[in-house]
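These figures come from a predicted structure and were not determined experimentally. Side-chain atoms are counted along with the backbone in the values below, which use heavy atoms only and exclude waters and symmetry mates. Letters A, B, ... mirror the listed sequences (proteins, then strands); counts begin at 1.
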Protein chains: 2
Amino acid sequence: MASQRGEGETTTTAAEPADRDRARAIPEAAVARLAVYLRVLSGMADQGVNAVSSEELSQAAGVNAAKLRKDLSYIGSYGTRGVGYDVEVLVSHIERILGLTRNHSVAVVGIGNLGHALANYGGFPGRGFPVTALFDVDADLIGIPVGGIPVSHIDDITAVCLEREVSIGVIATPPPAAQSVCDRLVSAGVQCILNFAPVVLQVPDNVEVRKVDLAVEMQILSFHVARRADEAASVSVGNNGLGVDGMVIRP
Amino acid sequence: MASQRGEGETTTTAAEPADRDRARAIPEAAVARLAVYLRVLSGMADQGVNAVSSEELSQAAGVNAAKLRKDLSYIGSYGTRGVGYDVEVLVSHIERILGLTRNHSVAVVGIGNLGHALANYGGFPGRGFPVTALFDVDADLIGIPVGGIPVSHIDDITAVCLEREVSIGVIATPPPAAQSVCDRLVSAGVQCILNFAPVVLQVPDNVEVRKVDLAVEMQILSFHVARRADEAASVSVGNNGLGVDGMVIRP
DNA sequence: ATATGTGAAAAGTTTCACAGCA
DNA sequence: TGCTGTGAAACTTTTCACATAT
């Protein structure tokens, strides 16, 4: 069983040494940042900016310049020394690496509050991810269009996903339904799953799961609140008096 | 400016050597997993399970046993060799470490589709995170209760957040509004932000930002689809013929 | 006998610092 | 001169393997 990513976890793709692919291997962490660079670059392109330095781009993306350059080096050498990067060039190379040159048909399962929100994004953030199928168990919802797509019954998941060539399944069901929905998606050939249900999904190794877990995010923030409080409490003891931040509330 | 976490990124808390805190330092990645263990353990407790081994718990949490034990070792030694862990004991220690012994008042800004979904979670996944304030700019929404809380105008953000002692701000606005909303939250003393807007927020060092970025998640999945396709294409060439997976569609 | 807790090794990621090129 | 691209160093996280406790 493969384990799912998200929240700072790292790959455990087990087996598969990927031998000579080593050269082409892009660190998992870098992939996530490339997606961010892509958005920043797209925004710049829209504003007519056509060249950018690693310093500028890294600022806008919230990382440091060395990391940005290292990340970009994984996809090739597309900058000009002494000058910087051409925005359009970078955009197209990142799109290629991320596989955004083809469309990825998306199915959303569970048309509750969140499912509605997701379905209504329509085409999904950044496009290239058309939502082509919606599923629920609630009889009152079946056939009703949400964001332009009529809701299908969850029992038709296999047939509909195969027919519409769904490549990404989004699970927005209540927790108890999530594993069963996941199994059905997998048996419909879906190999990528984005899971919003607070459940650890068990999937075969060839399926990639990413999770978005509100409770976990909140708890991580809670941890930092607590840590901050601890630091504030002990700051008067062991500090050199220079960096008493952490209590500064209004900038 | 501090940079925000999420999607596999790692801390860059800059400065702050944290000297003698080294002993108490829990790796960022481990914190995220502790939250997952907590949920699994709570589920077990609800089902009347009261003891668990690292092997069982790690299975249920989707990690390996060694990692689980290492993670738990960061918070102390609460297991019994030759036996395992007491579920209740582990739950209470993880809750303590994550700062869940106190409530964290939450404000949601941007009551669109997503904001509605978030507000309606009511109490927020796993409780301990009561939603106490909602904000929007839309005059039609002001005063309307969503999930039991009336929507306030975004201009009142500072006053309301201070009054209700909001410690976590959730940004669910359209991208152009996000930075300005963030600035206002920060000036109301909010030090933890969960950002759903596809924007890189600039915040002072004492503010912790986590982001949930749909577009990035989809693009990471897209990358893996592409990588899989590449592997499948080149698998016939350099392989020993044993591990031709990646094409297995129905298990 | 069995399962934890943990040093030490391995793997992965970030930062440094500078050679190399426009 | 100025900024990219990248080896090598520093740091973090994961995995291993076994001493240790019950």
Enquirer: Write down the distance between CD (B:Glu56) and P (C:dT2), rounded to a whole number of angstrom.
Expert: 14 Å
Enquirer: Give me the distances for all protein-to-nucleotides 16-22 of chain C N/O pairs that come in under 3.5 Å?
Expert:
unit_1 : atom_1 : unit_2  : atom_2 : d
C:dG20 : N3     : A:Arg81 : NH1    : 3.2

Enquirer: Check whether any side-chain nitrogen or oxygen of A:Ser54 sits under 4.0 Å from OP1 or OP2 of D:dT4, and answer yes or no.
Expert: yes
Enquirer: Round to a whole Å and report the spacing from CG of A:Leu57 to P of D:dG5.
Expert: 12 Å
Enquirer: Would you please say whether a donor-acceptor pair under 3.5 Å links the side chains of A:Arg96 and A:Thr101?
Expert: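 The answer is no; no qualifying pair exists.
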Enquirer: Atom NZ of A:Lys67 to atom P of D:dT12: distance rounded to whole Å?
Expert: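 Rounded to the whole Å, the gap is 12 Å.
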Enquirer: Give the rounded distance in Å between these two atoms: CG of B:Leu90 and C1' of C:dG5.
Expert: 13 Å
Enquirer: Could you tell me the separation between the CD1 atom of B:Ile26 and the C1' atom of D:dT14, rounded to a whole number of Å?
Expert: 17 Å
Enquirer: Is a donor from one side chain sitting under 3.5 angstrom from an acceptor on the other, for A:Tyr78 and A:Asp86?
Expert: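 Looking only at side-chain atoms, A:Asp86 and A:Tyr78 do not form any donor-acceptor pair under 3.5 Å.
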Enquirer: Compute whether any side-chain donor of one residue and acceptor of the other, for B:Glu88 and B:His93, lie under 3.5 angstrom apart.
Expert: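 Not at all, the side chains of B:Glu88 and B:His93 share no donor-acceptor pair under 3.5 Å.
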Enquirer: Please state how far atom CD in B:Gln59 lies from atom P in C:dA3, giving the value in whole angstrom units.
Expert: 14 Å
Enquirer: Go through the steps for A:Leu72 and A:Leu68 under the test side chain to side chain contact (heavy atoms under 4.5 Å, CB included), then give the verdict.
Expert: CA-CA 6 Å; A:Leu72 292 182; A:Leu68 173 103; 4.1 Å; yes
Enquirer: What I'd like to find out is whether the side chain of A:Arg228 reaches to under 4.5 Å of the side chain of A:Phe223, using heavy atoms alone.
Expert: no
Enquirer: Rounded off to whole Å, could you give me the OH-to-C1' distance for the A:Tyr85 and D:dG5 pair?
Expert: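 So the OH-C1' distance, A:Tyr85 to D:dG5, works out to 7 Å.
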Enquirer: Mind calculating the distance between CG (A:Leu68) and P (C:dT14) to the nearest angstrom?
Expert: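 After rounding, the gap between these two atoms is 12 Å.
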Enquirer: Run A:Gln219 and B:His104 through side chain to side chain donor-acceptor pair (under 3.5 Å) and show every step you take.
Expert: CA-CA 10 Å; A:Gln219 291 174 8; B:His104 299 272; over 6 Å; no
Enquirer: Tell me which nucleotide among D:dT14, C:dG5, C:dT13 gets nearest to the side chain of B:Tyr74.
Expert: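 The nucleotide sitting nearest to the side chain is D:dT14.
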